[in-house]
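Worksheet: the structure to be examined is printed underneath.
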Amino acid sequence: MPPDHNGATGHSGVEPSSSGGDSYFFQLDDHRFRPLRPSQGPWNPEACHGGPPSALAIHELEQHMSSDTYRLAQVHIDFYGEVPLTPLTFATNTLRPGKRIQLLQTTARTDDNRVVIAGRGWYLAVAPGRGPQVEQPLTIPGFEAGHADSTITSFPYGASIDWSFLEGGFSEPGPATVWARPKLSLINHTPLAPTEAALLVADSANGISSELDFAAFLFLPTVVEVVFRSAPTTTEIGLSARTTIDPEGVGVTRGTLFDRNHSYGHLLQTLYIERRV
């Protein structure tokens, strides 16, 4: 039986418990979703990691942009605070229509009408052969060449992805390069799309490249921005990241997204840094 991506009862007709292990979200109604346990992040057991709701925002933008003439070229995700493990309702609209360039926006609210995440996507009209291909060739070892880091699987989101580190590690401070293979679907057993997978993993950049002791500091992303030069074509995500920090408590993580053939995206995160009490 194929998954019912738009219906309220989903794949099986029975809503799973909040600990459901096959997906990050269960679709309750049109544009309304309940986060499941695999969405849980490392900072607060009652809140999502930023990756799953970012991927869900991409899903809503892509559903709104139904034309194949346009491709997502840049997405900007704002976190208004922690995204709770409670139902989220999305509303999406077109801020700037156009024949060549369009800007879409989606926002998610909790049941008490509080906005917790917003995403804006720039869509550009594309046409094969309209421009030359200019990029540096990429040579990088495959997933099998890396090593695991059990520390990143100590919370549900981290455990929902197979990680293979080529450089650094979640428990090792400094820059890192990793392959990530999400094991779950985003919604109701529906296969994860490559662009959704890219955002699911992109918000981990500050975690894999942290320069701080997780037990001693908070380093919370307030924004994640991704520019897609090319469209991702696989849910196996390569991510290379580096973090820098100012003594006043502001950090920046810069990263590159790639597959086995080339780099296709660049990301930027703004971090709030604070010593744990």
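Note that the structure is a prediction, hence the values are computed from the model and not measured.
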Discussion item. I'd like to know if the side chain of Trp163 and the backbone of Thr153 have a donor-acceptor N/O pair within less than 3.5 Å.
Written reply: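 Side chain of Trp163 to backbone of Thr153: no pair is present.
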Between [atom1] of [X] and [atom2] of [Y], what distance do you get to the nearest 0.5 Å?
X      : Y      : atom1 : atom2 : value
Gln269 : Glu225 : CD    : CD    : 11.5 Å
Ser160 : Asp22  : OG    : CG    : 12.0 Å
Asp162 : Ile152 : CG    : CD1   : 11.0 Å
Asn44  : Glu82  : CG    : CD    : 4.5 Å
His31  : His59  : NE2   : NE2   : 8.5 Å
Asp78  : Thr222 : CG    : OG1   : 7.5 Å

Discussion item. Under 6.0 Å between ring centres: does that hold for Trp43 and Phe214?
Written reply: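 Distance test on ring centres: under 6.0 Å, yes.
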Taking all non-hydrogen atoms of both residues into account, name the closest pair between [X] and [Y] and its distance.
X      : Y      : result
Gln74  : Leu72  : O-CD1, 3.5 Å
Val224 : Ser54  : CG1-OG, 4.2 Å
Arg37  : Pro156 : O-CB, 3.1 Å
Val226 : Ala202 : CG2-CB, 4.1 Å
His189 : Ser23  : N-OG, 3.0 Å
Pro182 : Val201 : CG-CG2, 4.4 Å

Please write out which residues are connected to [X] in a hydrophobic cluster, directly or through intermediates, given that two of Ile, Leu, Val, Met, Phe, Trp, Tyr count as joined at side-chain heavy-atom separations below 4.5 angstrom.
X      : value
Val223 : none
Val134 : none
Ile140 : Leu138, Phe143, Leu166, Trp179, Phe258

Which atom pairs, one a donor and one an acceptor, fall under 3.5 Å between side chains of residues 84-94 and the rest of the protein, sequence neighbours left out?
from: Thr89; atom 1: OG1; to: Arg32; atom 2: NH1; distance (Å): 3.4
from: Thr92; atom 1: OG1; to: Thr106; atom 2: OG1; distance (Å): 2.8
from: Thr94; atom 1: OG1; to: His64; atom 2: NE2; distance (Å): 3.2

Worksheet item: What salt bridge (Lys or Arg N to Asp or Glu O under 4.0 Å) pairs are there with at least one residue in residues 127-144, not counting sequence neighbours?
Response: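 Residue pairs with at least one partner in residues 127-144: Glu135-Arg229, Glu144-Arg181, Glu144-Arg260.
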Worksheet item: Does CZ belonging to Arg100 count more than 12 external heavy atoms closer than 6.0 Å?
Response: no
Worksheet item: More than 12 non-hydrogen atoms from neighbouring residues, nucleotides or ligands closer than 6.0 Å to CZ on Arg254, yes or no?
Response: no
Discussion item. Under a 3.5 Å threshold, yes or no: a donor from one side chain and an acceptor from the other, between His147 and Asp149?
Written reply: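 Short answer, no.
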Worksheet item: Any chance the side chains of Tyr264 and Thr233 put a donor and an acceptor closer than 3.5 Å?
Response: no
Side chains of [X] and [Y]: does their closest heavy-atom pair fall under 4.5 Å?
X      : Y      : value
Tyr123 : Arg96  : no
Ile245 : Phe217 : no
Asn188 : Phe26  : yes
Thr195 : Val75  : no
Leu192 : Ser185 : no

Practice prompt. Anything under 30° is parallel, anything over 60° is perpendicular, the rest tilted; go ahead and classify His49 against Tyr157.
Written response: parallel
Item to complete: Can you sort out the partners of Thr69 under side-chain contact (heavy atoms from CB on, under 4.5 Å), two or more places apart, ordered by chain and number?
Response: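 Testing Thr69 for side-chain contact (heavy atoms from CB on, under 4.5 Å), a comparison that skips the adjacent residues, returns Ser67, Ala125.
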Fill in: The single option from Ser240, Ser164, Ser209 passing side-chain hydrogen bond (donor to acceptor under 3.5 Å, both in side chains) against Thr177
Ser240
